[in-house]
Amino acid sequence: MTTPSFQSRRVGRPWGVIAVALSGTLTASLSHADAAAAGCAMQFEEAQRIDMESFRDYDAETFRAGHHPEAVTIFASGAVRYGVDAIMTALAPHFANREAVWAWTELYRVVDGCKSAFILYDATYDIPSIGYHQRTLTGVTYTHDGRRWLSAADQGTYLAAP
């Protein structure tokens, strides 16, 4: 004959084991999620750096590859280009002439896991040979397509008239 307390312990024991096992699984899942988020953050850091540097360095192929096919650019002038082909056409003189000096300082950043990210830059675009100077706040929104980060939208707002 077994006592109710023995049965309770016996019934309770498997639940205790299950609870400990689930706790370990949840901890492992959280650790995996944390690791994935950290991986996405590192991947984003590299993607946004490549985006900015490829424009600065006149690397049209790399710049194009870092953009979503349906990206949108809103220039500080108000001109809008929809799709990476239209964006690259509008920027063709920059990549061909190779004389502009592009510089930026990051002001703000938010990254939402492996979904989306936004960066705000204080940026300058100078063409010394013609005395052109433009200073803008430039916001760039990125999306993660499951494999990599892509620029989906950017918009410039004049801080100093050209």
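Along the sequence shown, the residues carry numbers beginning at 1. When reading the values below, keep in mind they use all heavy atoms of this one structure, side chains included, and skip hydrogens, waters and symmetry mates.
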Supply the atom-to-atom distance T143 OG1 to F118 CZ, rounded to the nearest 0.5 angstrom.
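Going from OG1 on T143 over to CZ on F118, the span is 14.5 Å.
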
Mind checking the NE2-CG spacing from H68 to L150? Nearest 0.5 Å is all I need.
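Reported value, rounded in 0.5 Å steps: 6.5 Å.
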
Kindly say whether [Y] contributes a backbone atom to a donor-acceptor pair with the side chain of [X] at under 3.5 angstrom?
| X | Y | value |
| --- | --- | --- |
| D51 | A47 | no |
| D145 | R147 | yes |
| S54 | I50 | yes |

Mind checking whether M42 and M52 sit in one hydrophobic cluster, side chains of I, L, V, M, F, W, Y counted as touching below 4.5 Å?
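Cluster IDs for M42 and M52 differ.
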
Is atom CD of E70 surrounded by more than 12 heavy atoms (other residues, nucleotides or ligands) closer than 6.0 Å?
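Not buried by this count: 12 neighbours or fewer within 6.0 Å.
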
Can you tell me if CD on E99 sees more than 12 non-hydrogen neighbours from other groups inside 6.0 Å?
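Correct, the count exceeds 12.
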
Considering all heavy atoms, the nearest A90-P93 contact
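Minimum heavy-atom separation between A90 and P93: O-CD, 3.5 Å.
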
Run through Y125, Y121, F55 and flag the one making a side chain to side chain contact (heavy atoms under 4.5 Å, CB included) with W104.
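The option that passes is Y121.
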
Give the intermediate values and the outcome of side chain to side chain contact (heavy atoms under 4.5 Å, CB included) for residues V72 and R81.
CA-CA 6 Å; V72 62; R81 297 297 180 268; over 6 Å; no

Validation row, ring centre Y142 to ring centre W149 under 6.0 Å:
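Between Y142 and W149, the centre distance exceeds or equals 6.0 Å.
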
